[in-house]
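Below is one structure; the comments refer to it alone.
Here is how names work: the chains are called A, B, and so on, in the same order as the sequence lines, proteins then strands, and each is numbered from 1. Because the structure is a prediction, the values reported are computed rather than measured.
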There are 4 protein chains.
Amino acid sequence: MKTNKPKYKQIIDAAVIVIAENGYHQAQVSKIAKQAGVADGTIYLYFKNKEDILISLFREKMGNFIDKIDEEIAGKQTAAEKLLVMIESHYKILSSDHQLAIVTQLELRQSNKELRLKINEVLKGYLKLIDRIIEHGMNTGEFRQDTEVRLVRQMIFGTIDETVTTWVMNEEKYDLVAQAPAVQQLLINGMGA
Amino acid sequence: MKTNKPKYKQIIDAAVIVIAENGYHQAQVSKIAKQAGVADGTIYLYFKNKEDILISLFREKMGNFIDKIDEEIAGKQTAAEKLLVMIESHYKILSSDHQLAIVTQLELRQSNKELRLKINEVLKGYLKLIDRIIEHGMNTGEFRQDTEVRLVRQMIFGTIDETVTTWVMNEEKYDLVAQAPAVQQLLINGMGA
Amino acid sequence: MKTNKPKYKQIIDAAVIVIAENGYHQAQVSKIAKQAGVADGTIYLYFKNKEDILISLFREKMGNFIDKIDEEIAGKQTAAEKLLVMIESHYKILSSDHQLAIVTQLELRQSNKELRLKINEVLKGYLKLIDRIIEHGMNTGEFRQDTEVRLVRQMIFGTIDETVTTWVMNEEKYDLVAQAPAVQQLLINGMGA
Amino acid sequence: MKTNKPKYKQIIDAAVIVIAENGYHQAQVSKIAKQAGVADGTIYLYFKNKEDILISLFREKMGNFIDKIDEEIAGKQTAAEKLLVMIESHYKILSSDHQLAIVTQLELRQSNKELRLKINEVLKGYLKLIDRIIEHGMNTGEFRQDTEVRLVRQMIFGTIDETVTTWVMNEEKYDLVAQAPAVQQLLINGMGA
DNA sequence: TATGAATGAGTCTTCATTCAT
DNA sequence: TATGAATGAAGACTCATTCAT
């Protein structure tokens with residue numbers, strides 16, 4: 001496997017594949033190296049240690065994630081539209097990248113607390129993005145003024161995360177993206193009659 | 001440590017303590033045995049293997065969990081009341097058992113996919129409980145008829161789970177139970193104005 | 001290989017054999033375990049880590065060493081006699097244990113500074129024994145009063161050590177014990193006419 | 001670091017510094033290259049392999065060592081004087097080069113048996129120098145005729161080496177050169193009254 | 001029932017050396 | 001001559017599980 005891709009990204013992509021196919025605890029460095037088409041030692045020219053591969057993987061992918069969603073949202077006026085686009089984009093990205101979905105929703109969560117704390121640091125960028133939408137909606141009067149941003153953020157993130165995880169666990173049998181509008185409606189209007 | 005508690009429960013309680021204090025990956029069988037006051041080998045007279053301890057732990061604790069909530073809910077008439085009581089009970093139980101909160105929200109999630117699938121089996125009992133509330137609300141006309149039960153269930157569970165996890169990660173600095181009514185309101189009425 | 005020897009000593013003896021036959025840097029824990037007739041993991045029930053095997057080895061063997069020499073010396077009256085007996089005993093012990101000689105004179109000296117410092121701690125017991133002979137000789141008037149004990153001690157130890165090391169490096173071709181009297185004479189009377 | 005020094009010596013001097021500062025086992029080729037201001041690969045244009053650097057280092061430094069001592073000795077008449085000058089010179093050289101003292105007395109001794117055998121080859125030049133002094137003393141009648149040259153040589157070398165090693169291990173707290181006459185006296189007259 | 005000594009499979013990381021440029 | 005990115009072999013240690021007592 002010879003590509004022109006810089007080795008750094010080459011190794012991260014290999015890690016995604018290996019973790020998705022073998023599971024977190026069976027993703028040995030030697031497997032990742034083989035998949036990347038480099039020697040074991042080469043990994044350590046680009047990453048400090050194994051944990052560094054994983055946190056870099058998450059940072060890289062989640063960075064793209066946030067950037068893409070940010071772009072999509074920018075063109076929308078209302079908070080409701082922004083919310084819908086965010087949910088749709090989130091669903092689309094993971095729907096189109098089966099392996100990434102498995103890795104982020106199932107496998108990477110098996111990592112130890114230390115790594116998970118670092119992952120949470122990266123996630124904060126996403127939570128801030130949610131916060132901006134909420135605040136926009138409160139400013140435009142779309143959303144209630146008396147809600148706590150933290151709770152709303154947790155409802156939004158918790159709902160999206162749970163819907164994706166269930167979908168991945170059910171082997172992605174149904175159309176995730178198609179349910180985005182329903183989820184948006186639920187978040188905005190609640191389940192009440 | 002000598003108690004009259006049957007060794008089975010004694011070992012499960014020891015596992016909760018050891019996992020809470022040392023973390024999932026540092027919770028060796030020998031540590032659990034020591035904490036339980038039995039020999040390593042004795043563990044294997046009561047459990048098939050280490051995974052069996054953990055799944056039993058979850059089944060035992062979650063069983064109590066569901067039973068308690070079920071009781072509380074029974075006395076309430078409206079779905080809205082039932083939902084509030086469920087959220088409150090959920091928050092109360094974990095607020096009053098620091099170690100259990102850490103174990104279920106953070107540590108046990110580091111387990112491998114196989115164990116997590118078994119844990120999900122146990123969780124289904126809780127999800128059914130949620131479903132019953134939703135269906136009750138749809139029957140009484142409190143909740144919309146056109147919602148998909150699955151999505152609503154995922155929103156409710158995702159929101160509760162996310163609020164608890166964040167609270168545990170923030171070292172339980174604030175009053176979780178106190179925010180139950182706000183969460184219930186959000187779920188029923190959404191964030192919209 | 002099943003013996004009644006307690007495993008601790010069994011492992012140390014295995015380590016001497018493996019190091020003597022393979023050299024310090026080729027003495028893997030797995031080789032020592034195999035030689036001792038135990039599983040790799042068993043080693044770690046008796047020793048903290050690999051370094052602990054080596055320092056224990058040295059402590060155990062050097063302890064015997066000093067004890068034996070101490071006994072032999074006790075029966076002698078003059079410092080000159082004690083010195084002769086010490087040199088002879090030292091030579092005899094290493095002459096009769098080919099593997100121990102190789103391990104202590106050549107192999108263990110390749111260990112890192114940390115281990116060597118610990119080995120030096122053990123050696124202090126031997127140096128004290130030398131000091132006691134010197135002080136005895138100064139008290140009886142056999143040895144000069146105006147000599148520095150430290151220098152004399154270094155001359156005695158340096159000479160014994162160098163003679164043994166050279167003998168081991170020359171594959172023990174000549175009779176080491178036979179030259180004990182000549183060495184003693186040199187130390188007491190010097191090389192001067 | 002740019003010098004006009006030929007790279008060969010430049011690399012050897014870098015090796016002394018790196019070994020003295022980091023210890024034998026932490027003296028990687030890449031560190032030596034960096035210290036020398038050359039690329040890793042350049043090392044291999046001047047040395048066959050890492051061992052070759054070390055043996056060259058020892059040969060180079062020990063060659064200077066012997067040459068200097070030879071010069072100093074030449075001007076002295078008696079064997080006793082020559083011996084004193086040799087000890088003094090030996091002590092002076094190492095006293096004035098802290099790093100060289102650490103490298104030769106402590107660090108280089110951690111090398112494997114193969115390298116140590118080659119080092120011993122180099123040391124033979126020094127041992128011959130000692131032999132010449134002994135023989136000179138026997139010819140002039142200063143030293144006893146009935147002593148074995150080999151034993152005397154081992155006493156002299158062992159004593160000098162032990163005194164220097166102890167001094168280095170004690171972090172060179174005292175004046176090594178000042179004790180040269182006492183050491184010479186001990187070697188010639190022994191410790192006897 | 002209860003014990004606890006013994007087992008042994010499995011992996012991340014380092015670093016001397018090469019070779020295309 | 002000089003570079004430095006890439007190589008890949010090699011080993012200490014942990015811990016779930018067993019089984020003789």
Open item on the list: Let me confirm one number: the CD-NE2 distance from E171(D) to H98(D), rounded to the nearest 0.5 Å.
Closed with: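 Result: 9.0 Å between the selected atoms.
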
- [ ] For DNA chain E, note the earliest and the latest nucleotide, 5' to 3', having some atom under 4.0 Å of a heavy atom belonging to chain C.
- [x]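 First-to-last contact on DNA chain E, by the 4.0 Å heavy-atom rule, is dA6(E) to dG8(E).
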
Task: Upstream residue (5' side of DNA chain F) when Y44(C) and K50(B) are each assigned their closest nucleotide - done: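 Looking at DNA chain F, the more 5' nearest nucleotide goes with Y44(C).
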
TODO: Tell me which of V38(D) and Q26(C) sits closer to the 5' end of DNA chain F, going by the nucleotide each one is nearest to.
DONE: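 Result of the comparison: V38(D).
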
TODO: Begin from the C-alpha positions of K31(C) and Q28(C) and carry the test side-chain hydrogen bond (donor to acceptor under 3.5 Å, both in side chains) through to its verdict.
DONE: CA-CA 5 Å; K31(C) 260 186 203 153; Q28(C) 294 89 348; 3.2 Å; yes

Do [X] and [Y] have side-chain heavy atoms sitting under 4.5 Å apart?
X: I119(D); Y: M62(D); result: no
X: Q35(C); Y: I11(C); result: no
X: H25(C); Y: K113(D); result: no
X: Q99(A); Y: I19(A); result: no

Output the rounded distance in Å from [atom1] ([X]) to [atom2] ([N]).
X: E51(B); N: dA16(F); atom1: CD; atom2: P; result: 13 Å
X: K48(C); N: dT14(F); atom1: NZ; atom2: P; result: 11 Å
X: N22(B); N: dC15(F); atom1: CG; atom2: P; result: 11 Å

TODO: Give one of base, sugar-phosphate or nothing for V29(A), where a contact means two heavy atoms less than 4.0 Å apart.
DONE: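 Base, at least one base atom sits under 4.0 Å.
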
Open item on the list: Taking any heavy-atom pair under 4.0 Å as a contact, classify Y46(A): base, sugar-phosphate, or nothing.
Closed with: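 Answer is sugar-phosphate: Y46(A) comes under 4.0 Å of backbone atoms only.
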
Open item on the list: Under a 3.5 Å cut-off for both contacts, is dG4(F) paired Watson-Crick or G-U wobble with anything, and if yes, with which nucleotide?
Closed with: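 Paired with dG4(F), as far as the under-3.5 Å criterion goes, is dC19(E).
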
- [ ] Write down the partner of dT14(E) under the Watson-Crick or G-U wobble criteria, each distance required to be under 3.5 Å.
- [x]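 WC or wobble partner is dA9(F).
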
TODO: Take atom C1' in dT1(E) and the same atom in dT21(F), then report the distance between them in whole Å.
DONE: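 Per the computed distance, 13 Å lies between those C1' atoms.
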
